[in-house]
Amino acid sequence: QVQLVESGGGLVQAGGSLRLSCTGSGSIFSINVMGWYRQAPGKQRELVALIRTGGSSTYADSVKGRFTISRDNAKNSVYLRMNSLKVEDTAAYYCNAVVFVETSGGVRRGPYNFWGQGTQVTVSL
């Protein structure tokens with residue numbers, strides 16, 4: 001069992017900032033790529049940012065220069081610092097991770113792709 005839990009969403013005015021957090025728990029052997037996705041009502045889910053095990057990252061053009069993704073491998077966590085927020089950033093934000101799990105018998109399985117439950121970010125004018 002692996003769970004990803006997000007937090008940090010909320011209501012903020014345009015130009016403001018938020019920091020999202022996502023922490024994995026359960027039978028995690030290791031986590032490889034982690035990322036943040038978002039989905040606005042009536043829209044497709046899209047990649048916002050991802051970060052690899054070595055720390056290199058990729059951003060959607062729409063957030064480049066404004067958002068920063070980071071991770072803490074010891075805590076199985078990934079973060080998204082969002083600055084200069086725009087109304088168009090309003091969406092449910094989802095954490096994603098590529099995870100190797102470990103069974104109670106010590107057997108590694110994977111990789112598997114896990115999703116968090118989502119956290120709402122609403123940016124007002």
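Annotation: the span from Arg38 atom CZ to Arg45 atom CZ amounts to 13.0 Å, rounded to 0.5 Å. One finds the OG1 atom of Thr119 at 7.0 Å from the CD atom of Gln117 (value rounded to the nearest 0.5 Å). Within the model, atoms CD1 of Ile51 and CG of Asn73 stand 8.0 Å from one another, a figure rounded to the nearest 0.5 Å. The CZ atom of Arg71 sits 10.0 Å away from the CG atom of Leu50 when rounded to the nearest 0.5 Å. Here the CE-OG distance, from Met34 to Ser70, works out to 10.5 Å after rounding to the nearest 0.5 Å.
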Side-chain polar contacts of residues 12-27 - donor-acceptor pairs under 3.5 angstrom, sequence neighbours left out - could you list them?
{"unit_1": "Ser17", "atom_1": "OG", "unit_2": "Asn83", "atom_2": "OD1", "d": "2.8"}
{"unit_1": "Thr23", "atom_1": "OG1", "unit_2": "Ser77", "atom_2": "OG", "d": "2.9"}
{"unit_1": "Ser25", "atom_1": "OG", "unit_2": "Gln3", "atom_2": "OE1", "d": "3.3"}

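Nearest heavy-atom pair, Cys95 versus Val78, reported as atom, atom and distance to 0.1 Å: SG-CG1, 3.6 Å. Closest of all the heavy-atom pairs between Ile31 and Thr53 is O-CG2, 3.7 Å. Between Leu80 and Ala49, the shortest heavy-atom distance links the atoms CD1-CB, 4.3 Å.
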(request) Tell me, with the steps shown, if Val123 and Glu88 meet side-chain contact (heavy atoms from CB on, under 4.5 Å). (result) CA-CA 8 Å; Val123 184; Glu88 49 263 47; over 6 Å; no
(request) Tell me, with the steps shown, if Trp36 and Asn96 meet side-chain contact (heavy atoms from CB on, under 4.5 Å). (result) CA-CA 6 Å; Trp36 288 95; Asn96 176 265; over 6 Å; no
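The disulfide (SG to SG under 2.5 Å) pairs that include a residue from residues 32-70 number zero, where partners must be two or more places apart or lie in different chains. Sorted pairs that involve residues 70-95 and meet ring-ring contact (aromatic ring centres under 6.0 Å, His included), not counting sequence neighbours, are lacking altogether. Applying the ring-ring contact (aromatic ring centres under 6.0 Å, His included) test to residues at least two apart or on different chains, none of the pairs has a partner in residues 40-73. Applying the ring-ring contact (aromatic ring centres under 6.0 Å, His included) test to residues at least two apart or on different chains, the pairs with a partner in residues 105-125 are Tyr37-Trp115.
Arg109 CZ: 12 or fewer foreign heavy atoms inside a 6.0 Å radius.
Every side-chain contact (heavy atoms from CB on, under 4.5 Å) that Gln120 has, sequence neighbours left out, goes to Thr90, Ala92, Thr122. Listed by chain and number, the residues in a side-chain hydrogen bond (donor to acceptor under 3.5 Å, both in side chains) with Thr58 are Arg52 (sequence neighbours excluded). For Glu102, there are no salt bridge (Lys or Arg N to Asp or Glu O under 4.0 Å) partners, not counting sequence neighbours. Checked against salt bridge (Lys or Arg N to Asp or Glu O under 4.0 Å), Arg66 has the following partners two or more places apart in sequence or in another chain: Asp89. With sequence neighbours excluded, the residues forming a salt bridge (Lys or Arg N to Asp or Glu O under 4.0 Å) with Lys64 are Asp61, listed by chain and number.
Under the 4.5 Å side-chain heavy-atom criterion for ILVMFWY residues, a single connected hydrophobic cluster contains both Ile28 and Val101.
Applying the 4.5 Å side-chain rule to ILVMFWY residues, one finds Phe29 in the same cluster as Phe100. Taking a 4.5 Å side-chain heavy-atom cut-off between Ile, Leu, Val, Met, Phe, Trp and Tyr, the cluster of Leu125 extends to Val87.
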